[in-house]
2 protein chains.
Amino acid sequence: MRIATWNVNSVRIRQERLLAWLGRHQPDLLCLQELKAVEAEFPWQAVADAGYQAAVVGQKTYNGVAVLTKQPCEVLAKTWTHGDEDPQARLLDVRFGGVRVLSLYVPNGSEVDSDKFVYKRAWLDRLIDHLERTARPDELLALCGDFNIAPTDLDARNPAAWRDSVLCCDAIRGDWQRLLGWGLTDVVRQIHPTERLYSWWDYRNLGFIKNDGLRIDHVLATAPLAALAQTAFVDRDERKGGKPSDHAPVVVDFALPT
Amino acid sequence: MRIATWNVNSVRIRQERLLAWLGRHQPDLLCLQELKAVEAEFPWQAVADAGYQAAVVGQKTYNGVAVLTKQPCEVLAKTWTHGDEDPQARLLDVRFGGVRVLSLYVPNGSEVDSDKFVYKRAWLDRLIDHLERTARPDELLALCGDFNIAPTDLDARNPAAWRDSVLCCDAIRGDWQRLLGWGLTDVVRQIHPTERLYSWWDYRNLGFIKNDGLRIDHVLATAPLAALAQTAFVDRDERKGGKPSDHAPVVVDFALPT
DNA sequence: GTACCTGTTG
DNA sequence: CAACAGGTAC
């Protein structure tokens, strides 16, 4: 079973790229983030024509997540199932082929100590709470998405330049460790323990040309699922050419029947 | 010598189309209107790479005219040479290959009797004054551009619907006749005396699909130049496809050495 | 830099 | 409908 995640930064602008990418890489399940579209704007027909069904949590202008699958999947939740309502569309929780999968768009956080940074950390708290309440570390479960966290200095081309940013600062890396501590493994890092891989390059300042990248898009898996991971890669080519997303897709193959 | 005129409605948005069109039709001289760009935003390099030199009168957001030529041309004026300064970039007066050519963007006029309509008629007065002061009807001279005038009912698909508009009303058609009275011939109409040809279709109300067009882009020539006109056409195909200008190019071939 | 918003113009 | 402005977000 091939599982992938991609922050497409507008599913409408990226529709052609998305369909071409699905055709080339044929994931069994693809998590999308930053749709920047409400459900009515989602390209349902084109995705269906490409052989995928979609579960979508839309929002105007910002956020929005989806899960595309080749076979039907069961939607478990489109928001937190406990506590106050989250006004932002950042979570989609499904079951597919015996695996539970969450498509996640963790808040960026803007500036350290800003209101948005406080919201980011609270959001990660709620994610851990959601797992504690609804999941177990011994089931087959994957968290896929844009975490807006580069876990270590290995995950940044220029660690010093990013050290104090909302993506790399100690506080957020601490939150990352707490999340993993629930019982999750960073699958790409498990497969590639020392390789410098990046999944995001800023549109500004020639980020991609200078390869000033960060690895902030991840597939986290519980131990029994992580043990089935065979291969993993970041499709850096997808950041090239005209009108790319600022993120590249992350792909993992698991030794599971589709 | 092939002379053409095209209101491109933003030279930046239309850059690809412009270069492709130059490649296909190879005019010796092309007048452009509605650049909607200042000189620094003009695609100098791409135009040069396509084998053309450019004379440009830019303006931010609105207006802006240019003349593109395969050989160097002499700029005679970038605004009125007599009277008060015109704050709008609507005129470029050049000499090329023994012919004097003006690239003109006549004001639209908005609504009849509005301030903008008064400005439109005053602008046409100044154009006639400019000719009287600087040109002679017996020289080789062409006025090319978006005149925002459909001279007769033959020049509108739905004359009745447009009769009282700023493009067709009696007052503006009177101004048109005064302009021609200086000593100019409508070359496209000379070549095609009875054909319904249109050069502009509103983006709104399915204007192009319903062919609700007007002929408002023109090539006017003095008698000695008009006598050399061989063929003329409106490139209606250029209004088709993705991201077209609302205007189509108008092309005239003259029996003159290039 | 890219994409979104609202508002204006034609 | 399609371009602009000026704004936000990442």
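Lettering of chains follows the sequences in order, A, B, ..., and the numbering in each one begins at 1.
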Can you label the angle between the A/His25 ring and the A/Phe233 ring as parallel, tilted or perpendicular, going by 30° and 60°?
->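 Rings of A/His25 and A/Phe233: tilted, as their planes differ by 30° to 60°.
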Proximity to the side chain of [X] - top-ranked nucleotide from [options]:
{"X": "A/Thr61", "options": "D/dA3, D/dC10, C/dC5", "value": "C/dC5"}
{"X": "A/Ile13", "options": "D/dA3, D/dC10, C/dC4", "value": "C/dC4"}
{"X": "A/Lys116", "options": "C/dG1, C/dC5, D/dA9", "value": "D/dA9"}
{"X": "A/Lys243", "options": "D/dC10, D/dA3, C/dA3", "value": "C/dA3"}

Identify the two heavy atoms, one from B/Ala54 and one from B/Trp44, that lie closest to each other, and give their separation to 0.1 Å.
->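 Residues B/Ala54 and B/Trp44, closest heavy atoms: O-CZ3, 3.4 Å.
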Rounded to the nearest Å, what distance is computed from the [atom1] atom of residue [X] to the [atom2] atom of nucleotide [N]?
{"X": "B/Glu111", "N": "C/dT9", "atom1": "CD", "atom2": "C1'", "value": "12 Å"}
{"X": "B/His247", "N": "D/dC1", "atom1": "NE2", "atom2": "P", "value": "18 Å"}
{"X": "A/Arg239", "N": "C/dT2", "atom1": "CZ", "atom2": "P", "value": "8 Å"}
{"X": "B/Tyr62", "N": "C/dT9", "atom1": "OH", "atom2": "P", "value": "6 Å"}
{"X": "B/Lys36", "N": "D/dC4", "atom1": "NZ", "atom2": "C1'", "value": "6 Å"}
{"X": "A/Gln88", "N": "D/dA9", "atom1": "CD", "atom2": "C1'", "value": "11 Å"}
{"X": "A/Trp200", "N": "C/dG1", "atom1": "CH2", "atom2": "C1'", "value": "11 Å"}
{"X": "B/Tyr119", "N": "C/dG10", "atom1": "OH", "atom2": "P", "value": "13 Å"}

A/Leu206 or A/Val11: which one's nearest nucleotide on DNA chain C is closer to the 5' end?
->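 It is A/Leu206 whose nearest nucleotide is closer to the 5' end.
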Where each residue is assigned the nucleotide of DNA chain C containing its nearest heavy atom, which of A/Leu35 and B/Asp246 is assigned the position nearer the 5′ end?
-> A/Leu35
Taking only N and O in the side chain of [X], is any of them less than 4.0 Å away from OP1 or OP2 of [N]?
{"X": "A/Ser10", "N": "C/dA3", "result": "no"}
{"X": "B/Arg12", "N": "D/dC4", "result": "yes"}
{"X": "A/Lys60", "N": "C/dT6", "result": "yes"}

Does the cation-pi check pass for A/Arg90 over A/Tyr105, that is, NZ or CZ under 6.0 Å from the six-membered ring centre and within 45° of its axis?
->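 Yes.
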Going by atom types only, do A/Asp93 and A/His130 share a side-chain donor-acceptor pair under 3.5 Å?
->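 Yes.
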Give, for atom CG of B/Asn211 and atom CG of B/Leu206, the distance between the pair rounded to the nearest 0.5 Å.
-> 12.5 Å
